[in-house]
Amino acid sequence: MKPRVRFAPSPTGFLHIGGARTALFNWLYARHTGGTFVLRIEDTDTARNTQAAVDVILDGLRWLGLNWDEGPLTSDATGASKGEFGPYFQSQRKENYRRRVEALLSRGLAYESEGAIKFKMTRDPILIPDLVVGDVERKLTDREEIDPDFVIVRSDGEPVFHLVNVIDDLEMNITHVIRGEDHLSNTAKHIALFKAFGVEPPKYAHIPLILNPDGTKMSKRDQGALMTAYMDGGYLPEAVVNYLCLLSWSPKDNREKIPLADVVEKFDLPQILRANAKFDHDKLLWLQGEYARELSSDRFYELCVHALAKSGIDTNQFPVDYVKAALDTCKGKIRLFTELSAYAGFYFRENVEYNSDGAKKDFIPENKPRLQKLRDAFAALEDFVAANLETTLKTVAKELEVKAGVLVHPARLACTGNTAGPSLYHLLEVLGKDRVL
RNA sequence: GACCCUAUGGUCUAGCGGUUAGGACACUGCCCUUUCACGGCGGUAGCUCGGGUUCGAUUCCCGAUAGGGUCGCCA
């Protein structure tokens with residue numbers, strides 16, 4: 001039987017990077033085994049659920065390229081879905097829960113208590129066979145010794161997570177539960193519930209958590225925790241996915257940058273590491289640079305135009321060839337697309353704002369006649385192309401008996417306002433003779 | 001407090017009884033480039049501690065320590 005796995009987020013907050021990694025590992029396992037990846041929305045906390053959060057889940061998974069075989073097609077709980085095991089929103093599955101609770105009640109496996117319904121939990125230690133951690137024997141804690149039973153239906157009639165999670169996994173024929181290690185202790189409850197329903201529990205794989213750089217648990221409030229930070233932050237999905245693959249998993253062949261297809265081929269549950277991993281933003285940025293550098297020009301161009309538009313620069317107001325030539329000088333230079341407007345915005349702005357540190361260093365009295373001479377030499381050029389500009393600048397430098405850098409820096413600053421940027425000669429060519437002079 | 005998981009440089013990791021402990025990010029020196037970036041060649045830095053087992057432990061076992069998780073009418 002082909003594995004059926006699921007990602008079952010609750011839309012009580014925006015999708016975070018840890019959730020995305022859990023989704024990724026489920027997706028990888030499904031793709032590796034030829035199984036099915038199910039997306040289920042656990043919206044039982046009516047007070048905290050938002051449709052906006054569902055949107056972010058769907059958009060985030062799509063952005064990462066983690067397509068699901070079954071699950072909702074829209075963020076509307078009553079909207080369309082695909083798959084034979086729907087609905088895929090728990091808010092639409094209440095009848096199932098009611099029936100199952102009824103069964104437990106009638107068999108004396110659950111009972112009412114202060115308006116709520118509690119499950120009769122065994123007092124014996126429960127063995128949790130886990131594909132990544134190994135066999136775990138979970139004993140009761142001291143508080144559980146006092147009362148091991150737990151609520152499965154709240155006094156307001158709403159079923160709780162432990163119950164609905166198990167019922168849905170059971171009814172959706174989920175074979176492997178791949179989830180964060182924060183669920184490991186709770187799995188004893190889930191196994192007991194499966195047994196109460198007379199069903200063999202699925203196989204479990206509890207994956208390590210992603211921690212903040214300081215080792216504390218990453219929560220929604222932490223820097224870089226939200227998926228939207230990457231989606232809106234100028235990142236490439238392939239870089240984010242690649243980086244996520246490297247947290248608690250490794251191809252074991254010293255590769256860092258690895259095509260997703262290769263990960264799909266090599267990925268398996270037993271090879272997942274058992275220790276929590278701290279999120280290393282620098283390494284993500286490095287991967288981002290690696291992927292950004294080898295983007296096709298079309299995609300690079302498209303992403304640049306989009307990023308510039310977001311920062312208020314409308315490239316449509318410029319000739320297509322000009323825009324392309326300008327962006328070509330940035331290829332391989334920038335990592336994040338959000339850097340672009342600062343890096344290359346001068347191509348698209350009327351006035352140049354001079355970097356003050358640069359101005360202090362380069363706009364000094366003795367540079368004025370030098371720049372004047374350089375300008376005159378440029379003005380005399382017929383073919384205003386990079387190669388000619390370079391030889392001209394170097395010739396002028398020689399005549400002035402100064403190093404090329406003495407001209408390069410003030411020229412760059414004068415034309416772009418920046419102290420760093422694309423190749424000077426190429427950017428001058430793109431800007432064109434008139435504007436440069 | 002109890003229960004559970006974990007432990008290789010600052011970070012992510014390779015290693016699965018005998019290795020000069022390998023790679024990557026970060027940091028750093030030099031080269032390339034008279035910007036920045038890329039690239040090339042170097043460098044600093046690691047097996048948490050204590051007991052066993054063994055001829056021999058980073059590797060196996062136990063303990064300690066540390067970190068993380070869980071014990072909710074949140075998920």
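Each chain gets a letter, A, B and so on, in the order the sequences are listed, and its residues count up from 1. What you see below is based on every heavy atom in this structure, not just the backbone, and it leaves out hydrogens, waters and symmetry mates.
- Listed nucleotides rC25(B), rU6(B), rC3(B) differ in distance to Lys283(A); the shortest reach to its side chain belongs to rC25(B).
- Counting non-hydrogen atoms under 4.0 angstrom, Lys217(A) reaches the backbone sugars and phosphates but no base.
- Each of Leu184(A), Ile207(A), Asn165(A) was compared with Arg179(A) under the side chain to side chain contact (heavy atoms under 4.5 Å, CB included) criterion, and only Asn165(A) meets it.
- Looking at the side chain of Leu211(A), the nearest of the listed nucleotides rG68(B), rC3(B), rU70(B) is rG68(B).
- The residue Thr141(A) sits close to a base: some heavy atom pair falls under 4.0 Å.
- Side-chain atoms of Arg154(A) lie closest to rC74(B) of the nucleotides rU34(B), rC74(B), rU70(B).
- Taking atom P in both rG69(B) and rC47(B), the straight-line distance is 26 Å, to the nearest Å.
- At a cut-off of 3.5 Å, with distance as the only test, a side-chain donor of Asp168(A) or Tyr97(A) sits close to an acceptor on the other residue.
- Comparing the same atom, C1', in rA26(B) and in rG18(B) gives a spacing of 33 Å after rounding to whole Å.
- A donor N or O paired with an acceptor N or O is found under 3.5 Å between the base of rC73(B) and the side-chain atoms of Ser155(A).
- Comparing Pro159(A) and Ala404(A), the nucleotide of RNA chain B nearest to each residue sits closer to the 5' end for Ala404(A).
- Heavy atoms of Gly421(A) sit under 4.0 angstrom from at least one base atom.
- For the C1' atom pair drawn from rA57(B) and rC62(B), the interatomic distance equals 15 Å after rounding to whole Å.
- Tested against Asp262(A), the residues Lys252(A), Lys257(A), Arg255(A) include a single salt bridge (charged side-chain N to carboxylate O under 4.0 Å, His left out) partner, Arg255(A).
- Residue His183(A) contributes atom NE2, which lies 18 Å from atom C1' of rC3(B) at whole-angstrom precision.
- Nucleotide rG39(B) forms a Watson-Crick or G-U wobble pair with rC31(B), both donor-acceptor distances falling under 3.5 Å.
- Annotation: rU59(B) and rG40(B) have their P atoms spaced 35 Å apart (nearest Å).
- Side-chain proximity of Lys333(A) to rC3(B), rA37(B), rC12(B): nearest is rA37(B).
- Going from atom CE of Met218(A) over to atom C1' of rC12(B) covers 14 Å, rounded to whole Å.
- Remark: the separation of the P atoms in rC3(B) and rG72(B) is 16 Å, to the nearest Å.
- Contacts of Arg412(A) with the nucleic acid, taken as non-hydrogen atoms under 4.0 Å apart, include base atoms.
- When Watson-Crick and G-U wobble pairs are counted only if both distances are under 3.5 Å, rA66(B) pairs with rU6(B).
- On the C1' atoms, rG46(B) is 12 Å away from rG22(B), given to the nearest whole Å.
- Comparing atom distances between the Leu184(A) side chain and each of rC4(B), rC12(B), rC74(B) picks out rC4(B) as nearest.
- Aromatic rings from Phe25(A) and His32(A) are positioned such that their centres are separated by 6.0 Å or more.
- Within 3.5 Å, no donor on the side chain of Lys394(A) pairs with an acceptor on the base of rU34(B), nor the reverse.
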Hey, mind stepping through Asn173(A) and Thr175(A) against side chain to side chain contact (heavy atoms under 4.5 Å, CB included) and telling me if it holds?
CA-CA 6 Å; Asn173(A) 286 347; Thr175(A) 61; 5.8 Å; no
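- Among the atoms of the strands shown, only primed sugar atoms or phosphate atoms (P, OP1, OP2) are found under 4.0 Å from some heavy atom of Glu137(A).
- The closest side-chain donor-acceptor pair between Ser10(A) and Arg48(A), if any, does not fall under 3.5 angstrom.
- At a threshold of 4.5 Å between non-hydrogen side-chain atoms, the residues Leu104(A) and Phe197(A) count as touching.
- Residue Pro422(A) is in base contact, counting any heavy-atom pair closer than 4.0 Å across all strands shown.
- Using a 4.0 Å heavy-atom criterion, one finds that His206(A) contacts no nucleic acid atom at all.
- The side chain of Lys403(A) approaches rU34(B) more closely than any other nucleotide in the set rU34(B), rC12(B), rG69(B).
- Within the structure, salt bridge (charged side-chain N to carboxylate O under 4.0 Å, His left out) contacts touching residues 264-275 of chain A (residues at least two apart or in different chains) are Asp253(A)-Lys266(A).
- Residue Ser248(A) places at least one side-chain N or O closer than 4.0 Å to OP1 or OP2 of rU13(B).
- The only member of Lys203(A), Arg6(A), Arg4(A) that meets salt bridge (charged side-chain N to carboxylate O under 4.0 Å, His left out) when paired with Asp169(A) is Arg6(A).
- Taking 3.5 Å as the limit, the base of rA24(B) and the side chain of Asp282(A) contain no donor-acceptor pair of atoms between them.
- Residues Phe7(A) and Trp68(A) have side chains not in contact (no heavy-atom distance under 4.5 Å, counting atoms from C-beta outward).
- For the pair Asn367(A) CG and rU34(B) P, the computed distance is 19 Å after rounding to whole Å.
- Within the 4.0 angstrom heavy-atom criterion, only backbone atoms of the sugar-phosphate kind lie near Asp45(A); the bases stay farther away.
- Base-pair partner of rC74(B): not found among the strands shown (Watson-Crick or G-U wobble, both distances under 3.5 Å).
- The separation of rC12(B) from rC49(B), taken at their C1' atoms, amounts to 24 Å, rounded to a whole angstrom.
- Nucleotides rA24(B) and rC41(B) place their P atoms 10 Å apart, quoted to the nearest Å.
- Under 4.0 angstrom from either OP1 or OP2 of rC73(B) there lies no side-chain N or O belonging to Lys118(A).
- Where Gly215(A) and Ala8(A) each meet RNA chain B at their nearest nucleotide, the meeting point lying more 5' is that of Gly215(A).
- Residue Val408(A) is out of contact with every strand shown, counting any heavy-atom pair closer than 4.0 Å.
- Among the atoms of the strands shown, base atoms are found under 4.0 Å from some heavy atom of Ser423(A).
- For the segment residues 250-281 of chain A, the set of residues with a heavy atom within less than 4.0 Å of an atom of RNA chain B comprises Ser250(A), Lys252(A), Asn254(A), Glu256(A), Leu273(A), Arg274(A), Ala275(A), Asn276(A), Ala277(A), Lys278(A), Asp280(A), in numerical order.
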